[in-house]
Amino acid sequence: MTLTTSPPHVSSPPDDSFVRNTNAPTLYDTLILERSTSIFFDYLRECSELSQRTSDTGVKSTLLVPTNKAVMALGWKPHQGSPSHRQIAEGGGDVEITEEMGRANVERWISAHVLPTPDIDFEISSDQPTLLADKSIVIHKTRTGEKEEPWRNYAISQNGGYINLTRRIEAENGVLYVIDGAISSD
């Protein structure tokens, strides 16, 4: 029996695209740890391009992530599509949603919750575009006085009401805001 004292061979990654700065977790890493938004994260993982975007340190994004409670309050599931985007069959019944339609509906819904910017620009009161084509959000100042966390003074305007920003988490590739409602994909 021969004993060797040399360490076992350890192979390195094929390129250094695997190595990343570990100063802060990525948006994807943050979503793994954020239990209150696990339903959104489950849907995000179905969208490979959007999922990749949240782990890519070279692409900055802002995620508006509804809580599990907000997603369950929708009255429909994101893979079904919003009520105004559902196809109605002749005779008034719902059309069976195919796997392809379900994926497209989820991607559309997730895209409405992603801004292609590193953070929300609270100085702009005009529409801020999302990754969903022709879909923007409007941020309004709803309170005054928060000095330590000024973002708490703002909410997303939607359908005559507001969706509150309840938590802000910085990541290496952007910012995640936990919100108490879901952004409409209409």
Side-chain angles (χ1 to χ4, degrees), residues 20-47 50-78 82-83 106-186:
R20 66 180 165 95
N21 181 351
T22 57
N23 290 336
T26 63
L27 291 165
Y28 190 90
D29 298 334
T30 303
L31 284 167
I32 290 171
L33 300 173
E34 189 60 38
R35 298 184 92 166
S36 69
T37 61
S38 62
I39 296 174
F40 179 88
F41 182 54
D42 287 343
Y43 280 113
L44 172 72
R45 291 185 308 179
E46 293 179 26
C47 307
L50 293 169
S51 184
Q52 177 62 36
R53 182 183 183 96
T54 63
S55 61
D56 185 345
T57 58
V59 179
K60 305 292 185 190
S61 301
T62 300
L63 298 183
L64 304 169
V65 184
T67 61
N68 293 339
K69 184 177 179 180
V71 175
M72 292 186 315
L74 285 174
W76 50 273
K77 295 179 178 137
S82 66
V106 168
E107 187 168 330
R108 180 178 173 75
W109 185 73
I110 293 289
S111 295
H113 291 84
V114 182
L115 281 60
T117 57
D119 199 354
I120 294 172
D121 186 350
F122 292 105
E123 301 300 316
I124 297 175
S125 61
S126 64
D127 293 357
Q128 297 190 41
T130 68
L131 290 183
L132 180 59
D134 300 323
K135 175 67 178 179
S136 297
I137 61 162
V138 179
I139 302 288
H140 286 286
K141 190 166 191 171
T142 57
R143 295 184 281 267
T144 58
E146 284 284 340
K147 294 180 181 164
E148 291 180 31
E149 298 177 317
W151 60 268
R152 290 188 179 272
N153 296 326
Y154 295 85
I156 301 164
S157 175
Q158 179 173 274
N159 301 329
Y162 291 103
I163 298 172
N164 295 305
L165 309 173
T166 62
R167 190 161 174 220
R168 182 180 189 274
I169 304 168
E170 290 188 26
E172 184 175 347
N173 57 339
V175 176
L176 181 151
Y177 289 93
V178 177
I179 57 177
D180 67 359
I183 305 295
S184 170
S185 57
D186 293 339

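Not measured: the values here are computed from a predicted model.
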Next item on the list: Please report the C-alpha distance between Arg45 and Ser51 in whole Å, then the side-chain angles of each, then the deciding distance to 0.1 Å, and finally whether the side-chain hydrogen bond (donor to acceptor under 3.5 Å, both in side chains) criterion is met.
Entry: CA-CA 6 Å; Arg45 291 185 308 179; Ser51 184; over 6 Å; no
Notebook entry, point to check: Passes side chain to side chain contact (heavy atoms under 4.5 Å, CB included), His113 versus Phe40? Steps please.
Noted result: CA-CA 10 Å; His113 291 84; Phe40 179 88; 3.8 Å; yes
Next item on the list: Check the pair Asp119, Tyr177 against side-chain hydrogen bond (donor to acceptor under 3.5 Å, both in side chains), reporting the backbone distance first and the verdict last.
Entry: CA-CA 9 Å; Asp119 199 354; Tyr177 289 93; 2.6 Å; yes
Notebook entry, point to check: How far apart are the C-alpha atoms of Thr144 and Asn153, what are their side-chain angles, what is the distance that settles it, and do they pass the side chain to side chain contact (heavy atoms under 4.5 Å, CB included) test?
Noted result: CA-CA 6 Å; Thr144 58; Asn153 296 326; 5.7 Å; no
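Distance alone, capped at 3.5 Å, places no donor-acceptor pair between the Asp42 side chain and the Ile39 backbone. A side-chain donor-acceptor contact under 3.5 Å links Asp56 to the backbone of Gly58. With hydrogens and angles disregarded, no donor-acceptor distance shorter than 3.5 Å links the side chain of Gln158 to the backbone of Ile163. Panel note: side chain Lys60, backbone Glu172; a donor-acceptor pair is recorded below 3.5 Å.
Under the 30°/60° scheme for interplanar angles, the aromatic rings of Trp76 and Trp109 are found to stand perpendicular. Using a 30° and 60° split on the angle between ring planes, Tyr154 and Phe122 fall in the tilted class, from 30° to 60°.
Contact between Arg53 and Ser61 at its shortest, heavy atoms only, is NE-OG, 2.6 Å. Here the closest heavy-atom approach between residue Cys47 and residue Val106 is recorded as SG-CG1, 3.6 Å. The minimum heavy-atom distance linking Thr67 with Thr37 is given by the pair CA-CG2, 4.2 Å. The heavy-atom pair separating Ala182 from Pro66 by the smallest distance is CA-CB, 4.1 Å. When all heavy atoms of Thr62 and Pro118 are compared, the pair lying nearest together is OG1-C, 3.3 Å.
Summarising the local packing, CZ of Arg167 is surrounded by 12 or fewer heavy atoms from other residues, nucleotides or ligands at distances under 6.0 Å.
Residues Tyr162 and His140 are in side-chain contact: their nearest non-hydrogen atoms beyond the backbone lie under 4.5 Å apart. Counting heavy atoms from C-beta outward, Arg168 and Val175 have side chains that approach closer than 4.5 Å. Between Ser38 and Asn68, the closest side-chain pair of non-hydrogen atoms falls below 4.5 Å. Using a 4.5 Å cut-off on side-chain heavy atoms (C-beta onward), Leu165 and Arg152 make no contact. When side chains are defined from C-beta on, Ile120 counts as touching Gln128, because their heavy atoms get closer than 4.5 Å.
The distance from the OG1 atom of Thr130 to the CZ atom of Arg108 is 9.5 Å, given to the nearest 0.5 Å. Here CG of Asn173 is found 4.0 Å from CG of Leu27. Values are rounded to the nearest 0.5 Å. Distance OG1/Thr54 to CG/Leu176: 9.5 Å, rounded to 0.5 Å. With rounding to the nearest 0.5 Å, the separation of CG in Leu131 from CD in Glu107 is 9.5 Å. Rounded to the nearest 0.5 Å, atoms OH (Tyr43) and CD1 (Ile110) are 9.0 Å apart. Rounding to the nearest 0.5 angstrom, the gap separating the CG atom in Leu44 from the OG atom in Ser111 is 9.5 Å.
Tested against Lys135, the residues Ser185, Pro129, Ser184 include a single side-chain contact (heavy atoms from CB on, under 4.5 Å) partner, Ser184. Just one residue in the list Ile156, Val114, Leu132 forms a side-chain contact (heavy atoms from CB on, under 4.5 Å) with Ile183, and that residue is Ile156.
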